[in-house]
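To keep things clear, I will list the structure first and then write my remarks on it.
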Number of protein chains: 2
Amino acid sequence: MSYTISQVAEKFDLTAHTIRYYDKEGLLPFVDRSKSGIREFSDSDLEWLKLICCLKNTGMPIKQIKQYIEWCLQGDETLEIRRQLFLDHRKEVLKHMADLRENLKLIDFKLKMYDTGCNIPVPR
Amino acid sequence: MSYTISQVAEKFDLTAHTIRYYDKEGLLPFVDRSKSGIREFSDSDLEWLKLICCLKNTGMPIKQIKQYIEWCLQGDETLEIRRQLFLDHRKEVLKHMADLRENLKLIDFKLKMYDTGCNIPVPR
DNA sequence: ATTCAACTTAGAGCAAACTCCAAGCATTTT
DNA sequence: AAAATGCTTGGAGTTTGCTCTAAGTTGAAT
């Protein structure tokens with residue numbers, strides 16, 4: 001069984017346009033085509049796409065995701081460098097989350113000001 | 001005491017270019033100028049900029065930050081709408097953090113695969 | 001057989017957020 | 001006084017990640 005581009009788009013809350021764009025950028029070299037050239041996504045392809053969306057949604061640029069895909073296709077000789085990519089990316093995600101938590105404190109402080117009516121926001 | 005644009009840039013890890021861009025976009029209408037036209041940032045201005053960076057770093061678009069600044073300048077009649085903006089934005093930040101936590105699970109799973117050598121990444 | 005929906009491509013267009021440049025003042029140092 | 005540094009502006013250029021259009025093909029339904 002395989003999926004059309006619009007079925008996949010629906011599943012991942014993307015547009016077919018976006019998926020074609022990802023393909024054009026080299027993120028989906030493994031997706032097969034029918035004899036008339038139509039993309040046929042397998043379950044394995046969906047797993048790949050899930051990972052691609054995960055990396056994208058955590059802030060990895062498309063070029064770096066493409067690099068990762070290329071390393072995957074190269075086989076075991078790139079295992080260590082791929083592992084390092086995940087380690088580095090994980091660190092960045094944790095940093096980003098910590099930054100968000102920190103910024104949230106100021107947002108909560110502002111909200112407390114608004115809620116207590118004790119509102120001398122910041123202006124002179 | 002006041003600060004020059006490059007002192008402020010240093011303090012906030014921005015470039016002077018970026019700060020001028022923010023000014024041009026209407027984010028810094030409160031910053032005074034010397035008689036020769038040079039920006040003179042007060043401590044209060046730094047507080048404003050801190051909030052602007054907080055909103056920007058948590059994903060608020062510059063246009064919306066500009067809207068917020070305009071509401072501030074309009075005075076107390078916009079208090080409730082500003083409070084609502086912070087409430088809505090807080091909700092989005094929490095959603096974003098939850099998404100990151102969720103995505104982190106897959107990253108951690110991949111790392112576990114690499115670390116255990118049990119590496120059948122995803123390809124067919 | 002024709003119509004319709006969904007697929008294909010190349011390539012143009014767009015919005016956001018910078019980033020930089022040229023040309024010109026202002027202030028401080030030599 | 002001249003040079004160096006740092007500020008100013010308008011406006012052009014860049015990058016990223018889409019987003020859309022036009023023209024065409026395919027395959028199923030009427």
Side-chain angles (χ1 to χ4, degrees), chain A residues 1-42 45-46 49 51-69 89 92 96 99 103, chain B residues 1-42 45-46 49-70 89 92 96 99 103:
Chain A
M1 220 318 218
S2 71
Y3 308 86
T4 66
I5 197 168
S6 45
Q7 286 169 333
V8 176
E10 169 107 334
K11 234 183 240 287
F12 283 86
D13 201 26
L14 300 168
T15 69
H17 285 308
T18 302
I19 294 175
R20 283 190 206 104
Y21 163 70
Y22 288 169
D23 196 2
K24 192 155 53 177
E25 292 301 307
L27 265 48
L28 307 171
F30 40 78
V31 174
D32 281 337
R33 306 290 188 113
S34 73
K35 50 188 176 298
S36 59
I38 288 172
R39 288 173 189 84
E40 294 179 330
F41 290 78
S42 69
D45 294 342
L46 297 196
L49 194 50
L51 180 59
I52 287 167
C53 287
C54 166
L55 294 175
K56 190 207 62 171
N57 291 334
T58 48
M60 186 181 288
I62 276 163
K63 276 183 187 172
Q64 202 176 345
I65 300 175
K66 178 196 165 131
Q67 173 67 269
Y68 164 73
I69 301 279
H89 187 58
E92 279 182 36
H96 185 197
D99 288 348
N103 282 316
Chain B
M1 219 317 215
S2 71
Y3 309 86
T4 66
I5 198 166
S6 46
Q7 286 170 333
V8 175
E10 169 107 336
K11 233 181 239 287
F12 284 85
D13 201 25
L14 302 167
T15 69
H17 286 307
T18 301
I19 295 176
R20 282 189 208 104
Y21 163 70
Y22 288 169
D23 197 2
K24 193 155 50 174
E25 292 300 308
L27 266 46
L28 309 171
F30 39 78
V31 174
D32 282 336
R33 307 289 190 113
S34 75
K35 48 190 178 294
S36 58
I38 286 170
R39 289 175 189 82
E40 294 180 329
F41 290 79
S42 68
D45 294 341
L46 298 196
L49 194 50
K50 187 175 159 190
L51 180 58
I52 287 166
C53 287
C54 165
L55 294 174
K56 190 208 61 168
N57 291 334
T58 49
M60 186 180 288
I62 275 164
K63 277 184 185 170
Q64 201 175 346
I65 300 176
K66 179 198 166 132
Q67 174 66 267
Y68 164 73
I69 301 279
E70 282 170 2
H89 187 58
E92 278 182 37
H96 186 196
D99 288 349
N103 282 315

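This is a predicted model, so every value here is computed, not measured. Protein chains get the first letters and strands the later ones, always in sequence-line order, with residue 1 at the start of each.
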Over all atoms of both residues, closest heavy-atom pair of [X] and [Y]:
X: Cys53(A); Y: Leu14(A); result: SG-CD1, 4.0 Å
X: Ala9(A); Y: Ala16(A); result: CB-N, 3.7 Å
X: Lys56(B); Y: Ile65(B); result: N-CD1, 3.8 Å

Sugar-phosphate only, base, or nothing, as touched by Ser6(A) at under 4.0 Å among non-hydrogen atoms: sugar-phosphate
Touch class at under 4.0 angstrom, heavy-atom based, for Thr4(A) against every strand present: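 Touches sugar-phosphate only.
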Distance, nearest 0.5 Å, that separates CG of Leu49(B) from CG of Leu27(B): 9.0 Å
All salt bridge (Lys or Arg N to Asp or Glu O under 4.0 Å) counterparts of Asp99(A), not counting sequence neighbours: Lys95(A)
Protein proximity profile, nucleotides 8-22 of chain D - base contact B, sugar-phosphate-only contact S, no contact -, cut-off 4.0 Å on heavy atoms: BB-B----SBBBBB-
Min side-chain heavy-atom separation Leu51(B)-Tyr68(B) under 4.5 Å: yes
Could you give the [atom1]-to-[atom2] distance, from [X] to [N], as a whole number of Å?
X: Phe41(A); N: dA6(C); atom1: CZ; atom2: C1'; value: 14 Å
X: Asp32(A); N: dT8(C); atom1: CG; atom2: P; value: 13 Å
X: Ile65(B); N: dA16(C); atom1: CD1; atom2: C1'; value: 12 Å
X: Tyr3(B); N: dC7(D); atom1: OH; atom2: P; value: 16 Å
X: Leu28(A); N: dC7(C); atom1: CG; atom2: P; value: 15 Å

